[in-house]
Protein chains: 2
Amino acid sequence: MASANRPLVTGFPGSDHDHGVCREAVLARADALCRSRGMRFTRLRRQVLELIWDEHRPVKAYELLERLRAERAGAAPPTVYRTLDFLLQEGLIHRVESLNAYVGCGDPGHLHPVQLLVCRCCAAVAELADDEVARLLRHKAGRMGFQADSAVVEVEGVCPQCSS
Amino acid sequence: MASANRPLVTGFPGSDHDHGVCREAVLARADALCRSRGMRFTRLRRQVLELIWDEHRPVKAYELLERLRAERAGAAPPTVYRTLDFLLQEGLIHRVESLNAYVGCGDPGHLHPVQLLVCRCCAAVAELADDEVARLLRHKAGRMGFQADSAVVEVEGVCPQCSS
DNA sequence: ATGGTAATGTTATACCATACCAAATTCATC
DNA sequence: GATGAATTTGGTATGGTATAACATTACCAT
Ligand SMILES: [Zn+2]
Ligand SMILES: [Zn+2]
Ligand SMILES: [Zn+2]
Ligand SMILES: [Zn+2]
């Protein structure tokens, strides 16, 4: 079982990536995190997070809705969006602004700057979570008199799998 | 008249900012740029760019549509979106992903990385256009085997006016 | 004038997200 | 175990963002 203090998934999943294991680890961590914060990791929330991790790729809200309906007939847009809001709040997923989509966080529980690498071939996403980038951005913003709170950073390009 | 080789608007407009002058300068530059590239800076395209620069702030497409209808009764969503696409293509405006809005480029004609500083109080936007940030991001991405092409960088925080 | 290309008009529709109120579930307290 | 407050979920409606598809017009070169 994965340590609670180590990132679970970083970088692009290679050929050796066992996504079944990855998925279970991330769900177990989510459960533990919610418990420790006194939040409820309900059946619905688990179902949605499972669906998001089904493919290790960003998922759109309505795609999620469609798949959720297999398990929950009455699901409607608010069902999904409310749950996404919860998962975002708890840092279990990230929103990809440039795709209007949502992706599982590979390192939930650790506060980290979010910089996403989005492959324009296969749509795979990896997280940089780089403090140096965050610091530089904050510094440069500060030089313009701007007090930076947070940042949306999404790099578009080609992932290792697709470039080979 | 502004030189064609100098950025027109950088940073947040201060109290000394004469936006009438700013607006005219940016429109004249747009006209010259389109001419030099063999593109047509039509009446519609000028109208839309004027509307975008009316407030030196990001504008939403449907807000733009509403205002455009004062001058062009039959305007519909495609009228606006097509024109926005053109202006984006020519580098005359930038899209703000985190707001679903569009903002005039303060330095059209110079290819530059786009990093936007978005004030969460007054919604004012400034451009960093910082090569060092772009390089660092590209470098860090490269270390994960990712070949970076472009990036969406939007910093949220408080602008100088609002923090004082 | 004529024909080709680019731009705009027009209608319809797809896609993304939230407001609002009702019903059910959970949890602490009695 | 019953009671009531608070959270979560159900369900309907609507608002907001963006594009598809095709008709028409304006522009430009021959
Ligand atoms: Zn995985
Ligand atoms: Zn993360
Ligand atoms: Zn101005
Ligand atoms: Zn710019």
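Predicted, not measured: the structure shown is a model, and the values here were computed from it. To find a chain, count down the sequence lines: A is the first, B the second, and so on, and within it residues start at 1.
- Below the 3.5 angstrom threshold, one finds a donor paired with an acceptor across the side chain of A:Arg82 and the base of D:dG10.
- Checking C:dG9, C:dT11, C:dT18 against every side-chain atom of A:Pro78, the shortest atom distance belongs to C:dT18.
- For B:Tyr81 and D:dA20, a side-chain-to-base donor-acceptor distance below 3.5 Å is absent, hydrogens and geometry of angles not being considered.
- For B:Asn100 and C:dC15, the CG to P distance is 17 Å, given to the nearest whole Å.
- Between the C1' atom of C:dG9 and the CD atom of B:Gln47 lies a distance of 14 Å, rounded to the nearest Å.
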- Message: Between A:Val59 and A:Arg67, is the side-chain contact (heavy atoms from CB on, under 4.5 Å) condition met? List the steps.
- Response: CA-CA 11 Å; A:Val59 194; A:Arg67 291 205 263 137; 3.6 Å; yes
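- Rounded to an integer number of Å, the gap from A:Arg40 CZ to C:dT26 P is 7 Å.
- Where A:Leu44 and B:Glu63 each meet DNA chain D at their nearest nucleotide, the meeting point lying more 5' is that of A:Leu44.
- In this structure the side chain of A:Ile52 reaches within 4.5 angstrom of the side chain of A:Leu87, judged on heavy atoms.
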- Report the C-alpha distance between A:Cys22 and A:His56 in whole Å, list the side-chain angles of each, state the deciding distance to 0.1 Å, and finish with yes or no for side-chain contact (heavy atoms from CB on, under 4.5 Å). CA-CA 9 Å; A:Cys22 156; A:His56 211 147; 4.0 Å; yes
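- When rounded to the nearest whole Å, the span between CZ of B:Arg43 and C1' of C:dT8 equals 13 Å.
- Here B:Thr42 does not reach the OP1 or OP2 of D:dA26: none of its side-chain N or O atoms lies under 4.0 Å away.
- Mapped onto DNA chain C by nearest heavy atom, B:Met39 and B:Ala73 fall at different nucleotides, with B:Met39 at the one closer to the 5' end.
- Per the geometry, CZ belonging to B:Arg45 stands 16 Å off P belonging to D:dA26, to the nearest Å.
- Two rings, from B:His19 and B:His17, have their centers less than 6.0 Å apart.
- A:Tyr102 comes within 4.0 angstrom of sugar-phosphate atoms only, judged by non-hydrogen atoms across all strands, and of no base.
- For A:Leu65 and C:dT18, the CG to P distance is 15 Å, given to the nearest whole Å.
- A donor-acceptor contact under 3.5 Å links the side chain of A:Tyr62 to the base of C:dA17.
- Contact annotation: A:Arg69 side-chain N/O to D:dG10 OP1/OP2 distance is not under 4.0 Å.
- Rounded to whole angstrom, the span from the CD atom of B:Glu97 across to the P atom of D:dT17 amounts to 13 Å.
- A salt bridge links B:Glu97 with B:Arg95: the distance from a Lys NZ or Arg NE/NH1/NH2 to an Asp or Glu carboxylate oxygen falls below 4.0 Å.
- Between the CZ atom of A:Arg72 and the P atom of D:dT8 there is a distance of 14 Å, rounded to whole Å.
- Taking side-chain N and O atoms only, A:Lys60 has a distance below 4.0 Å to OP1 or OP2 of C:dC16.
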